[in-house]
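Okay, structure first, notes after.
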Amino acid sequence: MGVCYITTEDALVKTELDRLVVTHEGRKILDLPLIKIEQVVLVGRVGLTSGAVAALMKNGIPVAYLSSSGRPLGRLDPIPNR
């Protein structure tokens with residue numbers, strides 16, 4: 001598993017079935033199975049759909065938000081399985 005960094009300004013992160021899909025200006029620029037992702041890092045102005053948030057949390061994948069200069073801004077963490 002790995003960390004998925006998304007650094008393209010104005011990109012949109014969504015999910016399709018069990019895959020993370022990133023689009024920019026209507027073009028698909030990334031398509032990865034969720035099972036291969038350990039964490040998602042959004043750098044700068046990147047959009048994340050509510051469906052993607054739900055899928056990432058359900059699959060135990062945290063999301064980190066960084067400014068365009070790389071400064072940490074915040075984080076979404078899934079609730080650990082009990």
Side-chain angles (χ1 to χ4, degrees):
M1 293 210 273
V3 178
C4 178
Y5 288 88
I6 301 166
T7 60
T8 303
E9 290 283 321
D10 298 320
L12 179 63
V13 181
K14 58 186 178 177
T15 51
E16 294 175 1
L17 300 173
D18 288 332
R19 302 184 72 79
L20 185 78
V21 176
V22 181
T23 60
H24 181 257
E25 296 179 350
R27 292 179 297 122
K28 189 183 289 189
I29 59 173
L30 182 67
D31 185 340
L32 292 171
L34 290 174
I35 196 164
K36 296 213 177 222
I37 302 170
E38 181 178 323
Q39 178 182 7
V40 174
V41 179
L42 307 178
V43 181
R45 199 173 54 232
V46 177
L48 184 63
T49 67
S50 58
V53 170
L56 291 166
M57 296 301 105
K58 178 182 172 188
N59 285 279
I61 302 168
V63 179
Y65 289 88
L66 304 180
S67 71
S68 56
S69 63
R71 191 179 119 242
L73 298 173
R75 193 174 161 89
L76 290 173
D77 284 309
I79 296 174
N81 292 335
R82 296 175 206 244

| side-chain contact (heavy atoms from CB on, under 4.5 Å) between V46 and T8, worked out | CA-CA 7 Å; V46 177; T8 303; over 6 Å; no

| request: In sequence, state the C-alpha distance, the side-chain angles, and the governing distance for M57 and I79, and then conclude on side-chain contact (heavy atoms from CB on, under 4.5 Å). | output: CA-CA 8 Å; M57 296 301 105; I79 296 174; over 6 Å; no

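Within the 4.5 Å cutoff, the side chain of V63 has no heavy atoms near those of the V53 side chain.
Interatomic distance, I61 CD1 to L34 CG, rounded to the nearest 0.5 Å: 5.0 Å. Rounding to the nearest 0.5 Å places CG of L76 at 7.0 Å from CG of L48.
Each salt bridge (Lys or Arg N to Asp or Glu O under 4.0 Å) pair with one or both residues in residues 53-65, not counting sequence neighbours, would appear here, but there are none. Identified under the salt bridge (Lys or Arg N to Asp or Glu O under 4.0 Å) test for residues 65-76, with sequence neighbours left out: R75-D77.
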Result block: side-chain N/O donor-acceptor pairs under 3.5 angstrom for residues 11-23, not counting sequence neighbours:
residue: R19; atom: NE; partner: D31; partner atom: OD1; Å: 2.5
residue: R19; atom: NH2; partner: D31; partner atom: OD1; Å: 3.3

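Between the side chain of H24 and the main chain of E9, a donor-acceptor pair closer than 3.5 Å is present.
Of all heavy-atom pairs between L30 and C4, the closest is CD2-SG, 3.6 Å.
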